[in-house]
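This report concerns only the one structure given below.
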Amino acid sequence: MENKKKRKEKFQDIAIGQAEYKEWSAEKVAAVKAAVKEHAAKRSEEQKLSNEMVAIELKMIHYVNQESQNTRKPIKIADFLSQYLSVMKLSFKRFAEGLDTKDSNLKKYVDGERSFNGDLAMKFGSFFHTSPDLWLKVHAKNELLQLQENKKDSQRYKRYDYTTVIEIGSAVEANGARKTSVQVESRTGASKKGVGYAKHSAKSYKAEKSLVLRDSGSKVRGSSKVAQKDSYVPKAVGKKQAR
Amino acid sequence: MKASPLKVKIRKVDTDEYVPATIRHAPNNSLPSIQDGWRFNFNKEIRKIKNAIGYTLTVDETPHITEGALIFDLKFEQLAFMSYIEIAPHNKKKPKRFDDVAGCLIAFAFNESLRLCEGDYKALLVFDISEEKWVDQKKLESIYTKNYGAIPFPMGGWCIMDAAGYALRERYLGIKNNNK
């Protein structure tokens, strides 16, 4: 009998909700607020501090995990640090002393005058009981946001593309087996020529793309063309010209 | 306000192994309904609740199958509240596919109380238990008390707070409290 009861309890539905949602009455709101206050008053100072610190850590994690396009405003390391110090009622100077460093020196890293680094991340992580990489992630995210914000800078990065540098092709050996080779070429010429070269390489990459993808032995598109292609001839590799 | 996706692990009952799953925000129209065999119309009820957010738990291998659903909101913009929570029909009766779905969702909701709420309202998750039959009411209260550490709150309310909530976080989300 007891086993049957236990089995029933095991599969009991935990569903919570109202068949038709109704807002709380003003009376209930007041009663719950009073209960919250009563329970909160029983919390130790250590518990309250723990809750606040966990909350800040969660905000940092949420910030780091948010996609860049959904991030309205960067939240700096200084902002999170300020929240921690506020809940701890700790001065910046005392905090710096706790890290065996001068506050004037530490301020430069926190304000972004000097780049936040792994050593500081380890110290911050240890001090606030968080993972050190969380601090580095905040720093990295803000750095990227800053670069992306500047349109001129973000346009500049678009020209860097592996398809402008490598040429992927394949050749057919005597026994019919397919051989792939990858050749790395250095980019020659000024930026205008570089653009033209990029287009050419992109075309040749696209034309031979199917070959690379189908090299496992399945049917190859344009296989007759492949059979006719010569073995790969290395192109002359030029030196990079000064811009 | 909505949380970023959270990776969790739930137990696959037939193999007794833990599989990766994700709790993520679900648009209103993708939430389950009575027509899908669920008890509540999540997709309709959420529209009645101000600032409510729907979340679903899915196994990473089968992201199109909802294993559990939750509607979370902030009562009077301060109090973390679980308006609706339910596990999928195929996880309720024998042979159920996955275990720990409810625990993960409740722990997630408690986690949100830490992130979103201020002051006294931090680390405090409230919900109502209101079943038509007294027997069902008592059974549900017992489950939440024994399995999730809930305590009674005024006027039919229940609350998971502080140590009980942190224990759920550790057990179901794998997050240890380093600030004890």
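Both backbone and side-chain heavy atoms feed into the values below; hydrogens, waters and symmetry mates do not. Below, chains carry the letters A, B, ... as their sequence lines are ordered, and counting in each starts from 1.
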Item to complete: Please test B:Lys2 against A:His62 for side chain to side chain contact (heavy atoms under 4.5 Å, CB included), starting from the C-alpha separation and ending with a verdict.
Response: CA-CA 10 Å; B:Lys2 70 181 186 212; A:His62 178 74; 6.0 Å; no
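- Of all the heavy atoms in B:Lys92 and A:Asp13, the pair that sits closest is NZ-OD2, 3.2 Å.
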Discussion item. Test side chain to side chain contact (heavy atoms under 4.5 Å, CB included) on A:Val54 and B:Tyr166; report intermediate values, then the result.
Written reply: CA-CA 10 Å; A:Val54 168; B:Tyr166 280 111; 3.9 Å; yes
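- Relative orientation of the A:Trp24 and B:Phe81 rings is perpendicular, given thresholds of 30° and 60° on the angle between their planes.
- For the atom pair CD (A:Glu52) and CG (B:Leu114), the distance works out to 9.5 Å, reported to the nearest 0.5 Å.
- Contact of B:Arg39 with chain A is made through the side chain alone, with heavy-atom distances under 4.5 Å.
- Ion pairing between a basic and an acidic side chain is recognised when a charged N comes within 4.0 Å of a carboxylate O; B:Asp128 and A:Lys28 show such pairing.
- Heavy atoms closer than 4.5 Å to chain A are found nowhere in B:Glu112, neither backbone nor side chain.
- Minimum interatomic distance between B:Asp120 and A:Arg43 (heavy atoms only, all atoms of both residues): O-NH1, 3.2 Å.
- The part of B:Lys75 that comes within reach of chain A is its side chain, from C-beta onward, which places non-hydrogen atoms under 4.5 angstrom from that chain.
- Atom CD of A:Gln18 and atom CZ of B:Phe40 lie 8.5 Å apart (nearest 0.5 Å).
- Taking 4.5 Å as the limit, every side-chain heavy atom of B:Tyr121 sits out of range of all side-chain heavy atoms of A:Asn51.
- Closest non-hydrogen pair, A:Ala15 versus B:Glu86, comes out as CB-CG, 3.8 Å.
- Proximity to chain A (any heavy atom under 4.5 Å) is shown, for B:Glu132, by neither the backbone nor the side chain.
- Annotation: the span from A:Ile14 atom CD1 to B:Ile85 atom CD1 amounts to 4.5 Å, rounded to 0.5 Å.
- Atom NZ of residue B:Lys122 and atom CG of residue A:Leu58 lie 9.0 Å apart, to the nearest 0.5 angstrom.
- The line from CZ of B:Phe76 to CD of A:Glu23 is 11.5 Å long, rounded to the nearest 0.5 Å.
- Looking at B:Leu79, the atoms closer than 4.5 Å to chain A (heavy atoms on both sides) all sit in the side chain, from C-beta outward.
- Within a 6.0 Å sphere centred on NZ of A:Lys107, heavy atoms belonging to other residues, nucleotides or ligands number 12 at most.
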Practice prompt. Please report the C-alpha distance between B:Ile151 and A:His39 in whole Å, then the side-chain angles of each, then the deciding distance to 0.1 Å, and finally whether the side chain to side chain contact (heavy atoms under 4.5 Å, CB included) criterion is met.
Written response: CA-CA 11 Å; B:Ile151 56 172; A:His39 280 278; 3.6 Å; yes
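- Most heavy-atom pairs under 4.5 Å with chain A, from the set B:Leu124, B:Ile49, B:Ile129: that is B:Ile49.
- Side-chain contact between B:Trp158 and A:Ile16 is absent, with no heavy-atom pair separated by less than 4.5 Å.
- Of the listed residues (B:Ser83, B:Cys159, B:Cys117, B:Pro5), the one with the most heavy-atom contacts under 4.5 Å to chain A is B:Ser83.
- Residue B:Asn147: no heavy atom, backbone or side chain, is found under 4.5 Å from chain A.
- Salt-bridge formation is not detected for the pair A:Glu57/B:Lys176: no Lys NZ or Arg NE/NH1/NH2 atom is positioned less than 4.0 Å from an Asp or Glu carboxylate oxygen.
- For A:Lys33, the parts lying under 4.5 angstrom from a heavy atom of chain B are both the backbone and the side chain.
- Contact annotation for B:Arg47: neither backbone nor side-chain heavy atoms come within less than 4.5 Å of a heavy atom of chain A.
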